[in-house]
Amino acid sequence: MSKSLKLDRRAFLRGLGGVGLALPALDAMGSSVTEQPPRRFCALYTANGMSLPRQEHGLDEWSWFPTAEENGQFRFGQSTEPLSAFRSQLSFLGGLYHPSGPKADPHVCSDMWLTGATLHNPEPGTYNTVGLDQVIALHTKKECRQPSLVLSIDAGTGFLSRTGTISYSLEGKPIPAENNPRRVFNRLFRADAVSMKSERDALRRRMKLVDAVSQSAKSLNQQLGQTDRMRMDQYLTSLNEVESRLIASERWIDVPLKPQDHSHLDLDITNEDEPAEYYRNMFDLIALAFDADITRSVAFMLNREDGMGISDTFPLKLGLPRTHHQLSHAGDKDGQLAFAKYDLFLSERLAHFLERLNGYQDRNGSVLDNTIVLYGSGASTTHMPRNLPTLIAGGANMGLQHGKYWKDGETRMSNVYLSILRSMGIHTDSFADSTHTLSNSIFTQTS
């Protein structure tokens, strides 16, 4: 009888010409591989709140939050109807808020959505704290090629209270986002496009350059004024993000990617083109990255606050009468209906994304079953930092039980985030200003 074979989880087969083929998860790799499915997280943010029409307008059926029940179940409104096919895989959460929510500038709600930080009176020399996506990335990065993927509609970081990213580092610095599908694709999938040796050499050269520039920048930073230091902090954060990606790329360069079909992607599309197609390609890239296990933490900012950026004009491109920010302030019936129709457009995009995640399969179920998708906004309507619109999908293999419109009075958003971390097997005592995990909720594995 032959001795039992023990394989490394990153093992692959060598063929003619040095071509490598990644092996699937095999029993010979041990129970830590075969019995522990990947646990992923995706945060999706839309600015300016959701449409919750005034009662006197008679538009209850267009409310983003469910307002009616049928056969003991909540009924999807007109603006979320495209998500009805995923009833058993998603839930609405009501009554959520950040205790340190916007106190002075209402547009900081996007800055703090994933952090829960006190932004109105920060400690000297600080502004924000770490985001949920980056806490998750810290725990999952050893299992995948890229620690995290940070995307937004406009890219970069923007500026304070008008940021172009929802992701904040362990030091509370804004992490620059990417918005170009081709650059995202190249970062995720082009590691094996050239020979492994030349790619490794190129990565090492770039890492040395980044390290040299970082040291020079830190020296210069000590001689600058406060405003310039703030700009340099963002620059250094960008360099640190690049360096972490390069280090991750070098570790995984000898591991071939999972074979996939990329033919449905249009990498030449930009955020200036048709909005639905742009979002489709960005969501397809996220789904492919999860399917190939390239990253397990994604943050995607779909829209920016206060009429900033190109997405403010998307409703106009869709034939609606006002910009996104203008619709969020609409008090008349026609304006609130148009706002709800833009929510409908976003629900269609989210439904496509969930369908993609359902279509890709892990060893123990669909990618969606192993992914917690958080979708929401930092305000309910017109800068109101209470009852934050929140939807959570997926995570069946992490104990999430869906099909609910969950409410338990006013509830700290950070308690939801702590519940997400515990469900993902990240056993931390607290997150931001959390007090405990949610009980009697959609989360069943939070101990």
Side-chain angles (χ1 to χ4, degrees), residues 41 43-55 63-67 74 77 80 90-122 127-133 135 161 163 166-168 172 299 301-306 328-329 339 343 372-393 400 404-423 428-443 446:
F41 173 72
L44 307 172
Y45 182 86
T46 183
N48 303 318
M50 310 294 196
S51 182
L52 303 173
R54 296 176 182 174
Q55 190 172 6
S63 170
W64 189 85
F65 276 119
T67 59
F74 73 82
T80 59
L90 62 79
S91 295
F92 293 88
L93 280 68
L96 302 180
Y97 76 108
H98 281 304
S100 55
K103 300 277 194 307
D105 184 346
H107 302 107
V108 302
C109 59
S110 62
D111 306 36
M112 68 183 305
W113 185 60
L114 286 179
T115 71
T118 303
L119 303 186
H120 65 284
N121 188 23
Y127 175 68
N128 214 330
T129 55
V130 64
L132 177 64
D133 65 308
V135 172
S161 83
T163 52
I166 54 170
S167 185
Y168 287 82
M301 189 178 197
L302 304 178
N303 301 287
R304 288 175 68 187
E305 299 291 340
D306 197 29
S328 72
H329 282 272
F339 192 23
D343 288 343
I372 296 178
V373 178
L374 170 70
Y375 174 61
S377 187
S380 50
T381 59
T382 316
H383 307 316
M384 179 66 69
R386 298 276 173 175
N387 195 28
L388 303 183
T390 304
L391 181 151
I392 293 180
L400 273 68
K404 304 174 183 177
Y405 177 20
W406 182 89
K407 292 179 290 184
D408 187 21
E410 286 203 323
T411 303
R412 294 174 182 236
M413 179 68 87
S414 54
N415 288 349
V416 176
Y417 293 170
L418 182 61
S419 300
I420 289 174
L421 289 171
R422 295 280 186 85
S423 297
T428 182
D429 292 334
S430 63
F431 178 84
D433 51 20
S434 67
T435 55
H436 50 75
T437 57
L438 300 190
S439 58
N440 301 317
S441 68
I442 67 172
F443 301 98
T446 58

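No hydrogens, no waters, no symmetry mates; every other heavy atom, side chains included, goes into these values.
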Distance from [X] atom [atom1] to [Y] atom [atom2], nearest 0.5 Å?
X      : Y      : atom1 : atom2 : value
Asp433 : His98  : CG    : NE2   : 7.5 Å
Ser414 : Leu114 : OG    : CG    : 12.5 Å
Glu410 : Leu96  : CD    : CG    : 10.0 Å
Asp133 : Thr115 : CG    : OG1   : 10.0 Å
Thr46  : Met301 : OG1   : CE    : 9.0 Å

Side chains of [X] and [Y]: closer than 4.5 Å at any heavy-atom pair?
X      : Y      : value
Glu305 : Cys109 : yes
Phe443 : Thr437 : no
Leu438 : Asp408 : no
Leu418 : His436 : no
Trp406 : Val416 : no
Leu132 : Phe431 : yes
Tyr417 : Arg412 : no
Leu400 : Ser423 : yes

Minimum heavy-atom distance between [X] and [Y], given as atom pair plus value:
X      : Y      : answer
Thr129 : Tyr168 : O-CB, 3.4 Å
Ser110 : Thr163 : OG-OG1, 3.6 Å
Ile166 : Ala43  : CD1-O, 4.2 Å
Thr382 : Ser328 : OG1-O, 3.0 Å
Tyr405 : Gly94  : CE1-N, 4.0 Å
Phe65  : Thr390 : CZ-N, 4.2 Å

Check: Partners of Ala393 by side chain to side chain contact (heavy atoms under 4.5 Å, CB included), sequence neighbours excluded?
Finding: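 Residues passing side chain to side chain contact (heavy atoms under 4.5 Å, CB included) with Ala393: Leu90, Leu354, Val373, Leu391.
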Under the side chain to side chain contact (heavy atoms under 4.5 Å, CB included) test, which residues partner Ser91, sequence neighbours left out?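 Result, side chain to side chain contact (heavy atoms under 4.5 Å, CB included) vs Ser91: Leu93, His402, Lys404, Ile442.
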**Asked** Would Phe92 and Lys407 count as a side chain to side chain contact (heavy atoms under 4.5 Å, CB included) if you check the C-alpha gap in whole Å, the side-chain angles of each, and the deciding distance to 0.1 Å?
**Response** CA-CA 9 Å; Phe92 293 88; Lys407 292 179 290 184; over 6 Å; no
Donor-acceptor side-chain pairing of Ser380 and Asn387 below 3.5 angstrom:
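Asn387 and Ser380 do not have a side-chain donor-acceptor pair below 3.5 Å.
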With distance as the sole criterion, is a donor-acceptor pair present between the side chains of Asp343 and Ser51 under 3.5 Å?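 Checked: Asp343/Ser51 side chains show no N/O donor-acceptor pair below 3.5 Å.
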Parallel, tilted or perpendicular: ring planes of Tyr375 versus Trp64, cut at 30 and 60 degrees: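 Answer is tilted, since the angle falls between 30° and 60°.
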May I ask you to decide if Leu388's main-chain N or O and Ser377's side chain share a donor-acceptor pair within less than 3.5 Å?
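No: the side chain of Ser377 does not pair with the backbone of Leu388.
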